[in-house]
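First up is the structure itself, then whatever we jot down about it.
Every chain is numbered from 1, with letters handed out A, B, ... down the list of sequences.
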Amino acid sequence: MPRARTLRHKDFKADAPAVALALIGATLLVDGVGGVIVETEAYDQHDPASHCHPGPTQRNRVMFGPPGHAYVYRSYGLHWCLNFVCREAGHGAGVLIRALQPTHGIELMRERRGLDNERLLCSGPGRLTQALGITQAHYGLPLDAPPFRLLAAPADTPVEVISGPRIGISKAIDLPWRFGLAGSRFVSRRF
DNA sequence: AAGTAGATGTTCT
DNA sequence: GAACATCTACTTA
């Protein structure tokens, strides 16, 4: 099996829904721990549900910088959520990573999550950051350098992607900007 | 299976 | 103060 291609800056120079769709099937590792991305959501500046909708602020500033970097924020005071910055500088846009199928470092993820059930290790944006050890310390870091590793899905195995409305928001609820790997049991909720 | 409450910190009005 | 890109534990059926 050939070594997978590392995703680079260029892979994030597209609008958020296109990047969110393309990321399904890629492998995300943080210090060697992680798995296959099976669920994402797109957010961009024209979208009232997005953190970058109001323009640059202290929290969202990384989304107005170069693509291919991590935007990390705290959700409901308790959880960290991981986004990938996309599109060109000057416009805010990002892709929320919502679920992984665990493949690497499963024992460590079990310890961090305090759970045995593999299906529940990374099936939600707050769950996967806990399993991978992501915190504010990762804010703004490039995705093509340690501790991150981001590998493209093998080109010879096509992935079937489904989409639907995003979860947990109250604005722009009809945009079908949630993407998932068809049939995966590791998504946070059924489509 | 489905619904609800409560935990908690940051951002915004 | 209110809202919030969430999760868990607990209830009710």
Side-chain angles (χ1 to χ4, degrees), chain A residues 12 15-24 26 28 30 34-35 37-65 67 69-87 91-102 109-141 143 161-181 184-191:
Chain A
F12 298 95
D15 58 56
V19 173
L21 189 154
L23 281 170
I24 301 297
L28 168 66
V30 177
I37 297 172
V38 298
E39 183 182 344
T40 58
E41 280 178 2
Y43 290 88
D44 82 16
Q45 192 170 359
H46 307 291
D47 157 23
S50 172
H51 291 169
C52 50
H53 183 64
T57 66
Q58 183 70 304
R59 173 172 70 161
N60 68 22
R61 68 196 146 79
V62 71
M63 283 198 282
F64 293 85
H69 291 245
Y71 166 51
V72 179
Y73 71 94
R74 203 193 270 283
S75 171
Y76 290 92
L78 296 154
H79 314 286
W80 297 105
C81 290
L82 172 67
N83 293 249
F84 295 166
V85 176
C86 59
R87 221 176 188 185
H91 297 266
V95 173
L96 173 65
I97 309 303
R98 286 195 56 91
L100 306 179
Q101 173 177 345
M109 291 196 268
R110 284 198 169 114
E111 284 175 31
R112 286 169 171 166
R113 293 270 300 120
L115 275 180
D116 284 337
N117 189 337
E118 198 168 313
R119 191 180 63 81
L120 298 178
L121 289 181
C122 298
S123 59
R127 291 169 173 171
L128 77 88
T129 55
Q130 184 183 30
L132 271 57
I134 291 168
T135 68
Q136 190 172 37
H138 296 86
Y139 185 96
L141 296 184
L143 300 170
V161 178
I162 51 181
S163 67
R166 295 172 292 180
I167 290 179
I169 57 171
S170 57
K171 298 168 192 161
I173 54 175
D174 28 332
L175 284 178
W177 281 7
R178 175 180 178 231
F179 301 90
L181 180 62
S184 174
R185 66 191 188 97
F186 294 95
V187 297
S188 64
R189 273 167 56 175
R190 289 287 169 201
F191 277 76

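- Contact annotation for A:T57: backbone-only contact, meaning every heavy-atom pair under 4.0 Å involves sugar-phosphate atoms and none involves a base.
- Under the Watson-Crick or G-U wobble criterion, with both distances below 3.5 Å, C:dA5 has no partner in any strand shown.
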*asked:* Working note: A:F84 + A:T40, criterion side chain to side chain contact (heavy atoms under 4.5 Å, CB included); need CA distance, chi angles, decisive distance, verdict.
replied: CA-CA 10 Å; A:F84 295 166; A:T40 58; over 6 Å; no
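- Rounded to whole angstrom, the span from the CD atom of A:Q58 across to the C1' atom of B:dC12 amounts to 14 Å.
- Among the atoms of the strands shown, base atoms are found under 4.0 Å from some heavy atom of A:L96.
- Distance from the side chain of A:P125 is smallest to C:dC7 among C:dC7, B:dT10, C:dA5.
- In this structure, A:Y43 forms an aromatic stack with the base of C:dA5, since both conditions hold: centre separation below 5.5 Å and plane angle below 30°.
- A:R74 has its CZ atom 14 Å from the C1' atom of C:dC7, to the nearest Å.
- Side-chain contact check for A:R112 and A:Q130: no donor-acceptor pair (N or O, by modelled atom type) lies under 3.5 Å.
- At whole-Å resolution of the value, CG in A:D44 and P in C:dA5 are 15 Å apart.
- As judged by a 4.0 angstrom heavy-atom cut-off over every strand, A:R166 is placed among residues making no nucleic acid contact.
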Polar atom pairs between nucleotides 8-11 of chain C and protein, under 3.5 Å, N or O only, would you list them?
residue : atom : partner : partner atom : Å
C:dT8   : OP1  : A:R113  : NH1          : 2.9
C:dT8   : OP1  : A:R113  : NH2          : 2.9
C:dT8   : OP2  : A:R127  : NE           : 2.8
C:dT8   : OP2  : A:R127  : NH2          : 2.6

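- Below 30°, between 30° and 60°, or above 60°: for A:Y71 and A:Y139 the angle between ring planes is above 60°, a perpendicular geometry.
- Pair assignment for B:dT8: none, as no Watson-Crick or G-U wobble contacts are both less than 3.5 Å.
- Note: A:R178 CZ to A:E41 CD = 6.5 Å, rounded to the nearest 0.5 Å.
- The distance from atom CZ of A:R61 to atom P of B:dT11 is 10 Å, rounded to the nearest whole Å.
- Judged by atom type and distance alone, A:Y76 does not reach the base of B:dA7 through any side-chain donor-acceptor pair under 3.5 Å.
- Side chain to side chain, A:R127 and A:S123 meet the donor-acceptor criterion of an N or O pair below 3.5 Å.
- Between the side chains of A:Q101 and A:S184, not a single donor N or O lies within less than 3.5 Å of an accepting N or O.
- Counting to the nearest Å, the C1' atom of C:dT6 and the CD1 atom of A:I169 are 14 Å from each other.
- Atom-to-atom, CD of A:E39 to P of C:dT6 comes out at 10 Å; the value is rounded to the nearest Å.
- Contact annotation: A:H79 does not reach the phosphate of C:dC7 (side-chain N/O to OP1 or OP2, under 4.0 Å).
- Between A:R178 and C:dA5 there is no side-chain N or O to OP1 or OP2 distance below 4.0 Å.
- Atom-to-atom, CZ of A:R190 to P of B:dA1 comes out at 11 Å; the value is rounded to the nearest Å.
- The backbone N or O of A:P125 sits nowhere less than 3.5 Å from a side-chain atom of A:R98 that would complete a donor-acceptor pair.
- Panel note: side chain A:R166, backbone A:A42; a donor-acceptor pair is recorded below 3.5 Å.
- Distance A:H53 NE2 to C:dC4 P: 13 Å, rounded to the nearest Å.
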